[in-house]
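For reference, the structure is listed below as structure tokens.
We use all heavy atoms of the structure for the numbers below, so side chains are in, but hydrogens, waters and symmetry mates are not. One-based numbering, in listed order, for ligands and for the atoms of each.
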Amino acid sequence: MPSDENDRPAGVAASEGITLQELQLAARNHGMPLEGLRYDVTPIGLHYLLIHFDIPGADASAWTLSVEGRVRHPLALSMDALRARPAVTLTVTMECAGNGRARLYPRPLSQPWLSEAVGTAEWTGTPLGAVLEEAGLEDDAVELVFTGADHGTQGGEEQDYQRSLTIADATRDEVVLAYEVDGRPLPPQHGFPVRLLVPGWYGMTSVKWLRRIDAVAEPFEGYQMDAYRLRQAPDDPGVPVTRMQPRALMIPPGFPEFFERVRTVEAGPQVLEGRAWSGWGPVVRVEVSVDGGTTWEDAALGEPLGRYAWRGWSFAWDATPGEHELVVRATDETGSIQPTDQPWNHHGLANNMAQRVVVTAR
Ligand SMILES: Nc1nc2c(c(=O)[nH]1)N[C@H]1C(S)=C(S)[C@@H](COP(=O)(O)O)O[C@H]1N2
Ligand SMILES: [Mo]
């Protein structure tokens with residue numbers, strides 16, 4: 001990590017203050033207020049949003065999703081054709097890969113998420129694998145490239161929003177072309193009329209406003225593939241960001257002060273609650289510290305809402321009068337545990353540093 005302000009590479013903040021450009025993004029792309037953790041399924045207006053460019057206008061009656069490139073039978077699917085296919089509904093927790101970015105020091109410049117870039121929704125759509133089977137992938141196809149209808153410039157490169165998946169990742173049962181969320185057509189901001197949904201992965205792969213799927217014979221190296229790599233410096237080759245790292249979040253207890261957001265709770269017994277998830281397998285343990293991370297105790301776990309969704313946790317706490325720093329961390333089935341220090345990287349991606357909430361008990 002660059003230590004001196006003057007050595008900081010482009011893309012890393014030169015001071016602690018949030019810039020007007022970061023605020024501009026933050027005002028467009030909202031997070032889920034953490035009290036929203038109380039709902040199993042996040043009311044859709046509270047689900048976080050991340051839109052790189054503009055929300056494109058879309059007419060569902062004229063929309064076609066094409067499947068082309070290295071396929072034997074190119075397809076042009078209308079929304080009616082997509083809806084006529086077998087439908088599945090999946091409860092999925094989705095998180096932005098940049099979640100936690102604004103808490104890093106030095107701060108990578110982009111959407112300045114704290115820890116609220118998450119939400120859980122019930123998505124309905126048709127499995128992608130069967131669509132690809134119908135299109136008949138040629139033997140030399142290695143990846144599918146997904147193109148959204150949104151267009152803009154990022155990193156000096158004009159582009160349509162595009163991400164790819166290997167054939168093995170794209171044909172997993174849970175990967176769907178989703179046209180409904182929580183039983184209603186997708187709202188414009190979540191990808192109307194159809195989006196890719198890749199459960200378990202960070203959100204960038206779930207391409208919204210999906211209008212084209214290309215089977216390609218070479219790995220795709222578009223801008224949004226290069227942007228989502230863990231690097232220590234801009235010129236590192238880095239490694240791709242894929243699935244969500246384990247994370248637990250708590251509903252901030254008590255009540256906040258309007259501007260500083262510092263919190264007050266009543267002293268005495270109370271229950272801390274929240275949710276935990278991982279894209280690598282079930283969360284098997286959630287621990288809470290009420291002393292800033294010095295000592296830890298196990299929280300009780302609720303049932304996961306589904307294979308790709310968060311599970312609730314709760315922890316009985318007897319708050320003594322005074323100030324306390326509450327910390328929570330999750331461990332998933334693979335043994336991966338959230339760090340309490342900052343795992344810094346150049347774009348501030350996949351940072352799952354444990355959440356800290358300072359409260360005063362009175
Ligand atoms: N076409 C398109 N798809 C996109 C994006 C985008 O900007 N354009 N943003 C991605 C990112 S970075 C995230 S985190 C998720 C956010 O999905 P949501 O806004 O429905 O929560 O959408 C992904 N899909
Ligand atoms: Mo994201």
- Going by the order shown, which atoms of ligand 1 are within less than 4.0 Å of some heavy atom of Y228? 12 (S)
- Message: Under the criterion salt bridge (charged side-chain N to carboxylate O under 4.0 Å, His left out), I'd like the reasoning laid out for D40 against R275: C-alpha separation, chi angles, the key distance, then a yes or no.
- Response: CA-CA 9 Å; D40 284 344; R275 308 269 173 181; 3.0 Å; yes
- For atom 2 (C) of ligand 1, state which one of W113, W201, Y161 supplies the nearest heavy atom. Y161
- If we number the atoms of ligand 1 from 1 as shown, the ones under 4.0 Å from a heavy atom of D150 are 1 (N), 2 (C), 6 (C), 7 (O), 8 (N)
- Message: Considering non-hydrogen atoms of the protein only, which is the closest contact for atom 9 (N) of ligand 1, and what is the distance?
- Response: L50 O, 3.2 Å
- Between N29 and Q189, is any pair of side-chain heavy atoms under 4.5 Å apart? no
- Task: May I ask you to check whether E273 and S314 show a side-chain donor-acceptor distance below 3.5 Å?
- Result: no
- Please report the closest heavy-atom contact between D298 and E287, naming both atoms and the distance. OD1-CG, 3.4 Å
- Message: If we count only N and O atoms by modelled type, under 3.5 Å, do the side chains of T334 and D332 hold a donor and an acceptor together?
- Response: yes
- Can you say whether the rings of H52 and Y161 are parallel (under 30°), tilted (30 to 60°) or perpendicular (over 60°)? tilted
- Can you find a side-chain donor-acceptor pair between Q355 and Q338 that sits under 3.5 Å? no
- Message: Assess, by modelled atom type and distance only, whether the side chains of T264 and T360 contain a donor and an acceptor separated by less than 3.5 Å.
- Response: no
- Proximal ligand 1 atoms for V207, defined as those under 4.0 Å from one of its heavy atoms: 1 (N), 3 (N), 24 (N)
- Look at atom 23 (C) of ligand 1 and say which protein heavy atom is nearest, naming residue and atom and giving the distance to 0.1 Å. G203 O, 3.2 Å
- Please identify which atoms of ligand 1 are closer than 4.0 Å to at least one heavy atom of H47. 21 (O)
- For I51, the ligand 1 atoms with a heavy-atom partner under 4.0 Å come out as 7 (O)
- Task: Tell me, please: is R195 in heavy-atom contact with ligand 1, that is, under 4.0 Å?
- Result: yes
- Query: Which ligand 1 atoms, with their elements, are less than 4.0 angstrom from a heavy-atom of M94?
  - Reply: 17 (O)
Please list every donor-acceptor pair under 3.5 Å in which a side-chain atom of residues 82-90 meets a protein atom from a residue at least two apart or in another chain.
{"residue": "R83", "atom": "NH1", "partner": "E180", "partner atom": "OE2", "Å": "3.2"}
{"residue": "R85", "atom": "NH1", "partner": "E134", "partner atom": "OE1", "Å": "2.9"}
{"residue": "R85", "atom": "NH2", "partner": "E134", "partner atom": "OE1", "Å": "3.2"}
{"residue": "T89", "atom": "OG1", "partner": "T124", "partner atom": "OG1", "Å": "2.7"}

- Considering only non-hydrogen protein atoms, determine which one is nearest to atom 14 (S) of ligand 1 and report residue, atom name and distance to 0.1 Å. Y48 OH, 3.0 Å
- Message: Only heavy atoms of L49, strictly under 4.0 Å: list the atoms of ligand 1 that pass.
- Response: 19 (O)
- Task: Considering heavy atoms of the protein only, find what lies nearest to atom 11 (C) of ligand 1 and give residue, atom and distance to 0.1 Å.
- Result: M204 CA, 3.6 Å
- Report the member of S206, G191, C96, A227 with the shortest heavy-atom distance to atom 24 (N) of ligand 1. S206
- Task: Name all residues meeting the salt bridge (charged side-chain N to carboxylate O under 4.0 Å, His left out) criterion together with D214; count only those two or more places apart in sequence or in a different chain, and write none if there are none.
- Result: R212
- Task: Give the residue, atom name and distance (to 0.1 Å) of the protein heavy atom nearest atom 19 (O) of ligand 1.
- Result: K208 NZ, 2.5 Å
